[in-house]
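Working notes, beginning with the structure itself.
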Amino acid sequence: MAGSNSKSIVWLSFLAFFSVLNETIFNVSLPDIATQFSIAPSSANWVNTSFILTFAIGTAVYGKLSDLYGTKKLLLFGLWIYGMGSFMGILFHLWYPGVLAARLIQGAGVSAVPALIMVIIARYIDAEHQGKAFGMVGSMVACGEGIGPVIGGVITEYLHWSMLFLLPMLTLLTIPFFMRMMPDETSKRGKTDIIGASLLSGGIVAFTLFTTAYHWGFMVVCVLLFTAFGLRIRHAEQPFIEPDLFGKRTFIVGVLTGSLLLGTVAGYVSMVPYLMKEVHQLPTSLIGIGVLFPGTVSVVLFGIVGGVLVDKLGTVFTMLLGLCMIGASFLAVSLFPDRTPWLVSGTMVLTFGGLSFVKTVISTSVAGALGSEDSGSGMGLLNFACFLAEGIGVATVGGLLTKSWLAFPLLPTVTDVDAFHYSNLMLILIAALVMGGIGFLMQTASHTNRPK
């Protein structure tokens, strides 16, 4: 692979684009899916939640397995699973459980890409070309996230949302290249904590079901599974997550607050298409290109600015700026959800810009709390937790959209009856944003004032 770096970088970028595209491409089609199957938003949002859950869990699992089985076998396996899930989605698009199963399988397959692509670049791209490779892959990831709602909106409006399952199958075109160019790797001896991974996965699913249905039986199952997981990682020879990480207070607070903030924003983004459909009657294609696209594209610019701000002005300033940007956008939507859809379009730039700053600060702070010996597993746990939080945020907001007790006039600036629900839900999201910000700032102050 080192002998054809240009081709390698192109194929890796192609793969990165289409793997990330699937995270956002279904966002604007969720109201259409709810209408087709005559289901509530809490159920329709599981089209995204199911994907994100297996995506997050798979990212952690593939990362663990790569040291034992190498990257080539796992990447090819993941791509075949991804293609199978996509084909299944087309085949069963008239049956809602089949759609959910397809999204679960898609997430389990494509999670191999973010888990392994950086390892592939580090192992198989010549050192003098690695910077170019990382830069191109990063750009294609940002492009995929930004263009996803646009493509999803256009296809849903003019064809049918089920056609969104066709696009991921393009990743199968990369299989012949990776089979030919990547060297075969010998498997190593070692153990994978399947029991620990299963307990953690089951607990996460039970908690997510609780945030959607609010049945306490799910919470009981969740607590039992998480308790069993805690006992398991303390006694397993090679635990799924190293228990020592949970003893690092700064690290854990960073992971929890980062998860809360990212999950809150993900829930808000999943709400926007419903708001645009119910209150403003926008077509699906216009929701993607006119409302969501400006914000998702701004992530590229604000991501660069966020890195500079952290280096020059520190994490506290950058975090406060990011929180203020997101808070201002949330407050504007809460006060005026029924005025004009273009207000929401403008605030999306603030939302995604602030999110870029928050992500940069969380990554920097968590990395700084880890030693060189546990940086890999620690950053892996951060990514795992944040992916999961996004799925849970989407599920939670979907559940809240079905609650009639939120549909009452509270703010005097909101006059449209259909907008009451969304305005009040934004206040809940603002409260979650404030809680996450306070948690991070309190921990930062505690760490700064700690005797050295």
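Numbers here are sequence positions counted from 1. Source: prediction; values computed, not measured.
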Discussion item. Working note: V47 + L100, criterion side chain to side chain contact (heavy atoms under 4.5 Å, CB included); need CA distance, chi angles, decisive distance, verdict.
Written reply: CA-CA 6 Å; V47 171; L100 286 187; 4.3 Å; yes
Item to complete: Could you walk me through whether I204 and F384 pass side chain to side chain contact (heavy atoms under 4.5 Å, CB included), step by step?
Response: CA-CA 12 Å; I204 290 165; F384 172 66; 3.9 Å; yes
Discussion item. Does F330 form a side chain to side chain contact (heavy atoms under 4.5 Å, CB included) with T264? I'd like the steps, not just the answer.
Written reply: CA-CA 11 Å; F330 281 13; T264 300; 3.8 Å; yes
Item to complete: Might you work through the side chain to side chain contact (heavy atoms under 4.5 Å, CB included) test for V265 and E390, ending with a clear yes or no?
Response: CA-CA 8 Å; V265 174; E390 290 176 358; over 6 Å; no
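S111 places none of its side-chain heavy atoms less than 4.5 Å from the side chain of F387. When side chains are defined from C-beta on, L94 counts as touching Q36, because their heavy atoms get closer than 4.5 Å. The side-chain heavy atoms of R232 and P239, taken from C-beta on, include no pair separated by under 4.5 Å. Contact of the L21 side chain with the L167 side chain is registered, since non-hydrogen atoms from C-beta on lie closer than 4.5 Å. Here the side chains of L15 and L79 are in contact, with some heavy-atom distance below 4.5 Å. T208 has its side chain within reach of W46: a pair of non-hydrogen atoms, C-beta onward, lies under 4.5 Å apart. Inter-residue side-chain proximity for Y62 and L75 is flagged as unmet; no heavy-atom pair is nearer than 4.5 Å. Residues N22 and Y82 form a side-chain contact, since some pair of their non-hydrogen atoms from C-beta on lies under 4.5 Å apart.
Closest non-hydrogen pair, T49 versus A395, comes out as OG1-N, 3.4 Å. Between T318 and G314, the shortest heavy-atom distance links the atoms OG1-O, 2.8 Å. The shortest heavy-atom contact between T402 and S42 is CG2-OG, 3.4 Å. V291 and W342 make their closest contact through CG2-CZ3, 4.4 Å (heavy atoms, listed as atom of the first residue, atom of the second, distance). Considering all non-hydrogen atoms of both residues, S19 and V113 come closest at OG-CG1, 3.5 Å. Of all non-hydrogen atoms in T54 and G107, the two that sit nearest each other are OG1-CA, 3.3 Å.
By the neighbour-count criterion of 12 heavy atoms within 6.0 Å, atom CZ of F17 is densely surrounded, having more than that number from other residues, nucleotides or ligands. Residue-environment remark: CD1 (I289) stays at or below the threshold of 12 foreign heavy atoms within 6.0 Å. Counting heavy-atom neighbours within 6.0 Å of F246 CZ, excluding the residue itself, gives a total above 12. Counting non-hydrogen atoms of other residues, nucleotides and ligands closer than 6.0 Å to CZ of F226 gives a total above 12. Within a 6.0 Å radius of CD1 in I195, no more than 12 heavy atoms belonging to other residues, nucleotides or ligands are found.
Rounding to the nearest 0.5 Å gives a distance of 4.5 Å between CG of L382 and SG of C386. Residue I362 holds its CD1 atom at 4.0 Å from OG1 of T257, rounded to the nearest 0.5 Å. The distance from atom CD1 of I105 to atom CE of M84, rounded to the nearest 0.5 Å, is 5.0 Å. Summarising the geometry, atom OG1 belonging to T156 is positioned 11.0 Å from atom CD1 belonging to I151; distances are rounded to the nearest 0.5 Å. Summarising the geometry, atom CG belonging to L164 is positioned 5.0 Å from atom CD1 belonging to I25; distances are rounded to the nearest 0.5 Å. Between L433 atom CG and L261 atom CG the span is 6.0 Å, to the nearest 0.5 Å.
Ring geometry, F51 versus F55: the interplanar angle falls under 30°, so the pair is classed parallel (tilted spans 30 to 60°).
Aromatic ring centres of F165 and F26 lie closer together than 6.0 Å.
A side-chain donor-acceptor contact under 3.5 Å links H160 to the backbone of S162. Within the 3.5 Å criterion, the main-chain N or O of P337 finds a donor-acceptor partner in the side chain of H280.
By the side chain to side chain contact (heavy atoms under 4.5 Å, CB included) test, F37 is found to be paired with I33, I39, Y96, V99, W161, residues two or more places apart in sequence or in another chain being considered.
Counting only residues at least two apart or in different chains, side chain to side chain donor-acceptor pair (under 3.5 Å) contacts with residues 265-279 comprise N45-Y274, K277-T284, E278-Y422.
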